[in-house]
Amino acid sequence: MTDVEAQVTQFGEDFQRVRTEIAKVIVGHTEVVEGLLICLLCGGHALLEGVPGLGKTLLVKSVGAALHLDFSRIQFTPDLMPADIIGTRVVSQDEEGHRYFEFQQGPIFSNIVLADEINRATPKTQSALLEAMQEQTVTVAGVEYKLQLPFLVLATQNPLEMDGTYPLPEAQLDRFFLKLQVTYPSFDDLSEIVDRTTQRQERLLEAILPTAKILEAQQFVRDVPIASHVKNYAIRLVMATHPQTPVASEPVKRYVRYGSSPRGVQSLVLAGKVRALFQGRFHVSFEDIRAVATPCLRHRLILNFEGEAEGIDSANLIRDILEHLPEQAPR
Amino acid sequence: MAEYHNLERAAQQLQQRFVSLQRLGLGLDVLLGGVLAALLATLLTALLGWSVPLLVVYGVITLVAVGVFAGLAWRVRGAAFEVLARADRTLGFHASLSTAYEYLQQHATNPFVPGLAAVAERLAPRVDRHRVLPVRLPRRVWGIPILLAATLVFPMLKVTPLRFDDTHEPEVARQVSREGQRLEKWGRGLEELAKREQLDRSMILARQMQQLGQRLQREGSEPGQVAERIATLSQYLQRLQQELRERALMSSDTGAMATRDVLRSGKSVKQELRDILTMLQDDALPRETAAMAEQSVLRLSRQLGQNPQLENLLQNLRAGDLDAARQLLRDVLQQQQAAEEVEHLDRARRALEYSSRSLQRGGQSDPSTSRTRPQAEPSGQDPMDMGEEGMFSEHMPGMEDFSSPGAEQGFGSSTTNRQQNNPALRESEQPTSNVEVQSGEGAMRLSYIRYLPMQNEAQVPIEKAVVQYQHAAEAVLTQEQIPRAYREQIKQYFLSLGMMK
């Protein structure tokens, strides 16, 4: 066995243990857990969408606990201010009685930030997350503060209660690496949830991976090979989301106003690499690209009026593209 | 790459098979094209009667096909990456072979390459080239044995080569155009003559002849269509003639003084009659003038022989009934006019028939008319090249015996008549009137009903027209000039017109 083979095997085993550990608390949601791990390893952020009570907060908390990462939770409300997230300068006094301004870090200074119901805050507050998500730094009073790595923002939003919400602007949506759909649990999962949550004993999670190993894994992932024809497939996939391109399908032409940004291809390839490693492979395959296509692209498609009016789900459009797009580019 | 033998071998084998299959497909396509070309050559040789030996043709086709195949086959290449990607797809290797090959070739320093290559090495022996690249012949290849069989069987059939005798389209177009030119010129000449003689229907027909000629020159139709058009015009002409004959109510006597008759004095009969009518204009006719008119009638009568109309005229003059004499003269002149028009139309008909026959013979001259041409005409000279006068006086059928009274020179005077000036009187060719008359009722006075609407030109409904004509006829019938015996017949005639509709 070569070194790489050993590394890949170790990688797969480590994250399998993480998933097993999270599964002690979280019932089901395997795809969401995998999506969160992909985001973590790619250095991206995830937007979780689901109705209340599906365990989104618990899920994020469990991931943090299993990975031995700091975790903070911000409940977004309409009166939440940017300083409440980033932090602010406060007046302090030293032992000699001199007063000075001191930066009080906000909850964003954490490895995993849960932005709960992000669409309830005003756009001003939402935009406070922008710099942190993209640059992984915050600037207060002209001073730049670096955030701890790994830095992962997990935002949740409730698709039902739309009154008094501020839908995320496209620019901010595009900064989320994946959009994960938290679905209602199945009967068996629900039965298991009832059993676990109504017992006296509370399950405690063990930290599986140290922070240093996660950062190392983030670099390791980027070396995963991807063949040119697989990369071309990912590019063609993203181009097919643009209604003005010749490869666009009829539904895309009809319902989509703007297709995915180049960040879509980046997320496809990176997420594909992580998935390949999860699968124990040394390279990205077409299946990896297809598997991550929906969470990578669903929030990057901007529907037109007709699409909005007819309630078209962008995930269905992506599925349609995947069905019709050939792996081999037409000559 | 050197240590990854399995991957390399698999790539080479797949490449070779890919190239072989491509060349096979290409060869079959070239063969199909060659067989098709051979079949076409066989068909053309048999149908067109080419004298080229088939073996030579097949040899040339074979050489060309081999050359084309060699040229194209030499350019066929198989990319290793492409065939490995195909193997990945077919065998479900998740792009392992192609990725390993590409990274070994281009990104050998990637830390994953050893592991990737090791996996590819393990997978490569499982590559079944026949499964990855199966032999799939396109359906069109099945056409080869069919075409080949047809190529071999067709020469055994005794096929008569096709003859394309009617393929001289430019010649046909020229001929039609020439005929159109001729018709136009003839029509122009006829119109001139009809205008001079005040022959309305002839003038209309002459214009139609010109129009037909112009259309033939412009459109260049097929000879068959041209003949059809000419036939249509001929039919129209015959209807005009028939109408004239019916309307004119001409008796057999009218033919005795044909329009072309020329007297010894050089005047025509019509001119002589007009002169006499001019003399009789005044009611108070001087005795000398009356005597002169009588002398003229007598002279005319002597030259024309026994003519009942002239006899009647003479009787009226001698009786001093100038009104009756004038009316008789006018009637005779009108008869002359009608006879002239019928004759004129007959010439036009003959001209059209000549033209039609000429087209049917492919532009050759009509032997029946060529004999009338002067012998001095140089052979092969196109009648169109001659002057208008020459053409109409010598070449237009029906004009060879045409001598328009009063037209002493030029159009209408045949060479024969000009040279011989034959005073012999000829009977008119016009048919006699079917109007039955009773003899012994005295002088017959005929009235022309002129300017009746011609066929296809009616502007007034027949019911209205008939009523008008009935009134007009009744008015005429009440006049004393109409012999009593004819009144009923004329009345019946107009009544029958109304009853027919």
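Letters A, B, ... are given to chains in the order of the sequence lines, protein chains preceding strands, and every chain is numbered from 1. It should be emphasised that the depicted structure is a prediction, and the values quoted were computed from it without experimental measurement.
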Around atom CE of Met133(A), are there more than 12 heavy atoms of other residues, nucleotides or ligands at under 6.0 Å?
yes
Decide if the gap between the ring center of Phe81(B) and the ring center of His229(A) is smaller than 6.0 angstrom.
yes
Under 4.5 Å to a heavy atom of chain B? For Glu327(A) that would be side chain
Short side-chain to backbone donor-acceptor contact, His283(A) and His94(B), under 3.5 Å
yes
Quick one: pull up CD1 in Ile226(A) and OG1 in Thr99(B) and give me the separation to the nearest 0.5 Å.
8.0 Å
Around atom NE2 of His68(A), are there more than 12 heavy atoms of other residues, nucleotides or ligands at under 6.0 Å?
no
Contact class of Val224(A) relative to chain B, heavy atoms under 4.5 angstrom:
both
Can you tell if the side chain of Phe112(B) reaches within under 4.5 Å of the side chain of Val8(A), non-hydrogen atoms only?
yes
Does Lys146(A), at its NZ atom, have more than 12 non-hydrogen atoms belonging to other residues, nucleotides or ligands within less than 6.0 Å?
no
With a 4.5 Å cut-off on side-chain heavy atoms, are Tyr103(B) and Phe282(A) touching?
no
Looking at Arg222(A), I'd like to know if its CZ atom is crowded, meaning that more than 12 non-hydrogen atoms belonging to other residues, nucleotides or ligands lie closer than 6.0 Å.
no
Heavy-atom neighbours of Tyr258(A) OH exceed 12 at 6.0 Å:
no
Heavy-atom proximity to chain A below 4.5 Å, by part of Arg89(B):
side chain
Exam field: side chain Glu102(B) to backbone Ser228(A), donor-acceptor pair closer than 3.5 Å
yes
More than 12 foreign heavy atoms under 6.0 Å from CZ of Arg75(B): is that the case here?
no
